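Below is one structure, written out as structure tokens; the observations come after it.
Being a predicted model, the structure only gives us computed values, none of them experimental. Below, chains carry the letters A, B, ... as their sequence lines are ordered, and counting in each starts from 1.
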2 protein chains.
Amino acid sequence: MSKCDQCIVKQFNSLKFLNREELIRISGCKTSKYIKKGEPIFEEGERINGVYCIKDGICKVSKMSENGKNQIVNLVQKGDLIGERSLISDEVSNLSAYAQSDMEICFIPREEILKDLEKNPAFSLDVLKKMANSLKNSENLIVDMAQKSVKQRLAETLLNLHEKFGKSEDGTINIQLSREDISNIIGTATESAIRLLSTLKKDKIITFKGKDIEILDKKALERIAAGF
Amino acid sequence: MSKCDQCIVKQFNSLKFLNREELIRISGCKTSKYIKKGEPIFEEGERINGVYCIKDGICKVSKMSENGKNQIVNLVQKGDLIGERSLISDEVSNLSAYAQSDMEICFIPREEILKDLEKNPAFSLDVLKKMANSLKNSENLIVDMAQKSVKQRLAETLLNLHEKFGKSEDGTINIQLSREDISNIIGTATESAIRLLSTLKKDKIITFKGKDIEILDKKALERIAAGF
DNA sequence: ACTATAATATGATAATTATCACTTTTTTTT
DNA sequence: AAAAAAAAGTGATAATTATCATATTATAGT
């Protein structure tokens, strides 16, 4: 069992503002877990009662819509925290989180970290800062969902995925996403997403290696995303 | 000039967690202002450097999209704080705020309230809680924008407006919104919004008094919003 | 390795929504 | 009060996207 004060993952999230003592305390009461691709970390309606620190892997955060589609609102990766809202508000989660790859996560119980939130202003300010940033991103996404066409959204999504997850060794965007996942991110029917991807491929803007996508012409994608 | 410790508006926002001393300090350095309907409170790209407390009136928070439409992401009213993000992160604002009615607001400079954020955990936790709630609402809105039809979104928006702003004396929803405003909230063309409103009126689900809208059949609206 | 299932892809068509053009009504300006 | 401008409303049509059906390919299970 690894120790929080020695884990490099904390450098990427608000836990870096906890001191050695605090980290040791948390290390003593956290639980580590391996999650298989496709399994839930938590589901909508659950009381999370703590926060998950992602040690490895990627997960999708989503909400089942009334029409039966599973809208993906975020993809989070190694180094990110998820579930922070449960620290603040003892409500059930409005979202679900599912492993998009095999994952290693640590769960820190709410009552253990809540004191740090109250006692350590650097920590609480960083949680606040991270949440403010999430809120800003969400607002921008609302505007895009409302005002951009599906094609624009796809282009933008591909660019964002590339920015966030980088390239794997074969040059493709370094995250495994089905066509259905992609359609659930941009908010369209699976067939529509497939068609648009196909068009982009035909136009030599992207190419496929299996299901993986490699961007060939980033500038063209940017133009499409911007509406030109 | 009114005093913060005596102002009833603070009961509706995080300022209620400041003690008397803190409130007196803030009272001494805040500035009050009247804003005419249609005028900006702040605009996208501005460094806000403080937080606005709404003493009276309603404002719309929006972002200009690349296609020239002004997507409204929130409507805020008396008692709410706006611009809190500038406390946390010294970036320019990604959104604009315009007065939807004549307003009275107080501006509290960032450096005056930042100490409270660091020193008063009850206050900072409430700011965090409010932001978490905003984030949750934004996430739900993303899902709706992605998955619901324009008609559903209109129905839901009318219900939400009624819930949030209540009824005026003549029974209509207590906020002045043009048809263009409504279209900018649900994310559609103005003509489309007008057509759908017209249909709802023909179906006796809503009625108009001038431009104001009165809900006649709330249950029908709920069914439409839910997709039935 | 084989089979079954799921995902991807494609064609056709239906539904939804946007755009364009114009008229009517309301609000603002003079 | 009259004129101008803006907003609301309507009709027609175009564009976008969803749905349905089917075929092909990839993946999972045995």
Side-chain angles (χ1 to χ4, degrees), chain A residues 36-39 60 65-72 98 100-102 144-155 157 172 176-203 206-213 224-225 227, chain B residues 36-39 60 65-72 98 100-102 144-155 157 172 176-203 206-213 224-225 227:
Chain A
K36 282 277 182 220
K37 180 178 174 174
E39 287 178 357
K60 69 184 176 189
S65 179
E66 283 164 7
N67 66 4
K69 293 244 326 166
N70 204 30
Q71 182 64 35
I72 296 171
Y98 293 93
Q100 193 65 20
S101 66
D102 291 347
D144 285 354
M145 286 299 188
Q147 304 295 344
K148 287 193 172 173
S149 69
V150 170
K151 187 175 185 179
Q152 286 173 290
R153 301 206 298 273
L154 175 63
T157 293
T172 58
Q176 296 226 299
L177 290 173
S178 68
R179 298 302 182 257
E180 184 171 5
D181 287 331
I182 290 174
S183 74
N184 285 343
I185 293 170
I186 65 180
T188 194
T190 311
E191 291 99 321
S192 300
I194 290 171
R195 282 182 219 281
L196 287 168
L197 284 168
S198 222
T199 300
L200 291 180
K201 183 183 173 196
K202 199 176 308 170
D203 292 343
I206 62 175
T207 193
F208 303 156
K209 289 178 182 170
K211 290 196 307 186
D212 294 336
I213 299 169
I224 291 168
Chain B
K36 280 270 178 233
K37 180 176 175 178
E39 286 179 0
K60 69 184 174 188
S65 179
E66 283 164 4
N67 66 4
K69 294 244 328 167
N70 204 30
Q71 182 64 33
I72 296 172
Y98 293 93
Q100 194 65 19
S101 64
D102 290 348
D144 286 355
M145 287 296 187
Q147 303 294 343
K148 287 192 171 174
S149 69
V150 170
K151 186 173 183 180
Q152 285 173 291
R153 301 206 299 274
L154 175 62
T157 293
T172 58
Q176 295 228 301
L177 291 173
S178 69
R179 298 301 182 254
E180 185 172 3
D181 287 330
I182 290 173
S183 73
N184 285 342
I185 294 170
I186 64 180
T188 193
T190 312
E191 292 99 321
S192 299
I194 290 171
R195 283 182 220 281
L196 287 168
L197 284 167
S198 223
T199 300
L200 291 180
K201 182 184 173 194
K202 199 177 307 168
D203 292 343
I206 61 175
T207 193
F208 303 157
K209 289 177 179 171
K211 292 197 307 189
D212 294 336
I213 299 169
I224 291 167

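Distances were taken from every side-chain heavy atom of A:Ser178 (C-beta onward) to each of C:dT17, C:dT8, D:dA8; the shortest belongs to C:dT8. Distance from the side chain of B:Arg195 is smallest to D:dG11 among C:dT8, D:dG11, D:dG9. Here D:dT17 is the nucleotide among C:dT8, C:dA21, D:dT17 with the atom lying nearest to any side-chain atom of A:Val150. For B:Ala189, the listed nucleotide lying nearest its side chain is C:dT19; candidates were C:dT8, D:dT10, C:dT19. Relative to the side chain of B:Lys211, the nucleotides D:dA7, C:dT17, D:dG9 differ in distance, and D:dA7 lies closest. Taking the side chain of A:Arg179 as heavy atoms from C-beta on, and the options D:dT19, C:dT8, C:dT17, the nearest nucleotide is C:dT8. Among C:dA21, D:dA18, C:dT10, the nucleotide with an atom closest to any side-chain atom of A:Ile194 is C:dT10. For A:Ser198, whose side chain is taken as the heavy atoms from C-beta onward, the closest listed nucleotide among C:dT19, D:dA8, C:dT10 is C:dT10.
Atom pair B:Asn70:CG and D:dA7:P shows a separation of 13 Å (rounding to whole Å applied). As rounded to whole Å, 12 Å separates atom C1' of C:dA18 from atom CG of B:Leu196. Here the P atom of nucleotide C:dT16 and the CD atom of B:Gln147 are 16 Å apart, to the nearest Å. Whole-Å rounding puts the A:Leu197 CG to D:dT25 C1' distance at 16 Å. Atom CG in B:Leu154 sits about 11 Å away from atom P in C:dT17, given to the nearest Å. Atom CZ in A:Arg153 sits about 8 Å away from atom P in D:dT17, given to the nearest Å. Rounded to a whole Å, the CD atom of A:Gln176 is 13 Å from the C1' atom of D:dA26. As a whole-Å value, the separation of B:Gln152 CD from C:dA15 P is 16 Å.
With hydrogens and angles ignored, the 3.5 Å screen pairs no side-chain donor or acceptor of A:Arg179 with any backbone N or O of A:Ile194. Between the A:Ser183 side chain and the A:Glu180 main chain, a donor and an acceptor come within less than 3.5 Å of each other. Checking side-chain atoms of B:Lys69 against main-chain N and O of B:Thr188 turns up a donor-acceptor pair under 3.5 Å.
Under the Watson-Crick or G-U wobble criterion, with both distances below 3.5 Å, C:dT30 is paired with D:dA1.
Within 4.0 Å of B:Glu180, counting heavy atoms only, lie sugar-phosphate atoms of the nucleic acid but no base atom. As judged by a 4.0 angstrom heavy-atom cut-off over every strand, A:Ser149 is placed among residues touching the sugar-phosphate backbone only.
Between A:Gln152 atom CD and A:Ile224 atom CD1 the span is 9.5 Å, to the nearest 0.5 Å.
In this structure, B:Asp102 pairs ionically with B:Lys36, as a charged nitrogen and a carboxylate oxygen lie closer than 4.0 Å.
Of the two residues near DNA chain D, A:Lys148 and A:Glu191, the one whose nearest nucleotide lies more 5' is A:Lys148.
Of the side-chain N and O atoms in A:Thr188, one or more sit less than 4.0 angstrom from OP1 or OP2 of D:dA18.
Other residues, nucleotides and ligands contribute at most 12 non-hydrogen atoms within 6.0 Å of the NZ atom of A:Lys151.
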